Amino acid sequence: MQIQVHSDNHIEGSARLVDWVSGSVADKLDRFDDEVTRVVVHLNDENGVKAGAQDKRCQIEARPKGLQPVSVTHKAASLELAVDGAIDKLNNALNHQFGKLRSKRALAPTPLEGETLEVEGRDALLEEDFLADEQLRSS
C-alpha cells in the first residue's frame, strides 16, 4: 500500500509530519494492505492563521483494487485528532465495503456434484457431434 501525504500552505509539511501520518495510516490499516493500492491524505487548516474550533481537516482517500475510491473527512481542533478521526472513519468504511463483498462471495451458489458431471457430459456429447460432422465433411 502506497501512502501519500499532502498539506496546504497553512500546515508545515515537514518530513516528521509525513512520517507520523504515514505511520499512523499504515499501523491502523495494515489489514487492508493486500486490498488497497494507494492511500492519499490531505491535511488542511481551514481558517489559516486565525484560530477556530474544528478548523483542522483531514481527508483520506483509499484506492481499493478493482473498486471505486473511498473517501472520508474528519474535522477537529487539532491535527492529531483530525488524522486519528479520519483513519477511524476510513477503517470503518473499508470494513463495511470489504465485508459486503465477502458476504456476497459466501452467498454465491456452488455447483452441485451432479451439475458438474452434467456439464462435462454435455461437453463430451458436443465434441462427439463436432467430430462426426468433421468426418462427414472430409468424406
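Numbers here are sequence positions counted from 1. Given the structure is predicted, the values throughout are model-derived calculations rather than measurements.
Remark: of the listed residues V5, I3, L43, V41, V5 is the sole one forming a side chain to side chain contact (heavy atoms under 4.5 Å, CB included) with V18. Applying side-chain hydrogen bond (donor to acceptor under 3.5 Å, both in side chains) to S71 and the options R63, H42, K89, Q59 leaves one that passes, Q59.
Looking at every heavy atom in both residues, W20 comes nearest to E80 through CH2-CA, 3.5 Å. Residues D55 and A77 approach most closely at OD1-O, 4.2 Å, considering heavy atoms. A62 approaches L90 most closely through the heavy-atom pair CB-CD1, 3.9 Å. Heavy-atom minimum distance, A76 versus L81: CB-CB, 3.6 Å. A82 and C58 make their closest contact through O-CB, 3.5 Å (heavy atoms, listed as atom of the first residue, atom of the second, distance).
Between the OG1 atom in T73 and the CD1 atom in I60 there is a gap of 9.0 Å [rounded to 0.5 Å]. Interatomic distance, CG of L94 versus NZ of K28, reported as 14.0 Å (0.5 Å rounding). Distance check: K65 NZ to R38 CZ gives 13.5 Å after rounding to the nearest 0.5 Å. With values rounded to the nearest 0.5 angstrom, I87 atom CD1 is found 5.0 Å from S24 atom OG. Residue M1 holds its CE atom at 9.0 Å from CZ of F32, rounded to the nearest 0.5 Å.
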What verdict does the side chain to side chain donor-acceptor pair (under 3.5 Å) test give for Q2 and T37, after you've listed the backbone C-alpha separation in whole Å, the side-chain angles of each residue and the deciding distance to 0.1 Å? CA-CA 6 Å; Q2 179 185 6; T37 58; over 6 Å; no

Determine, step by step, whether N91 and R31 satisfy the side chain to side chain donor-acceptor pair (under 3.5 Å) criterion, reporting the C-alpha distance in whole Å, the side-chain angles of both residues, the deciding distance to 0.1 Å, and the verdict. CA-CA 10 Å; N91 187 30; R31 62 182 291 222; 4.6 Å; no

Side chain to side chain contact (heavy atoms under 4.5 Å, CB included) assessment of V70 paired with Q97: CA-CA 9 Å; V70 176; Q97 184 171 25; 3.0 Å; yes

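The 12-atom threshold is not exceeded at NE2 of H96, counting heavy atoms of other residues, nucleotides or ligands nearer than 6.0 Å. Within 6.0 Å of atom NZ in K75, 12 or fewer heavy atoms from other residues, nucleotides or ligands are found, so the atom counts as exposed in its surroundings.
For Q4, there are no side chain to side chain donor-acceptor pair (under 3.5 Å) partners, not counting sequence neighbours.
In this structure, R57 does not pair ionically with D45, as no charged nitrogen and carboxylate oxygen lie closer than 4.0 Å.
In this structure, N44 contributes its side chain and E46 its backbone to no donor-acceptor pair below 3.5 Å.
L29 and V40 fall into different hydrophobic clusters, defined by Ile, Leu, Val, Met, Phe, Trp and Tyr side-chain heavy atoms under 4.5 Å apart, directly or through other members.
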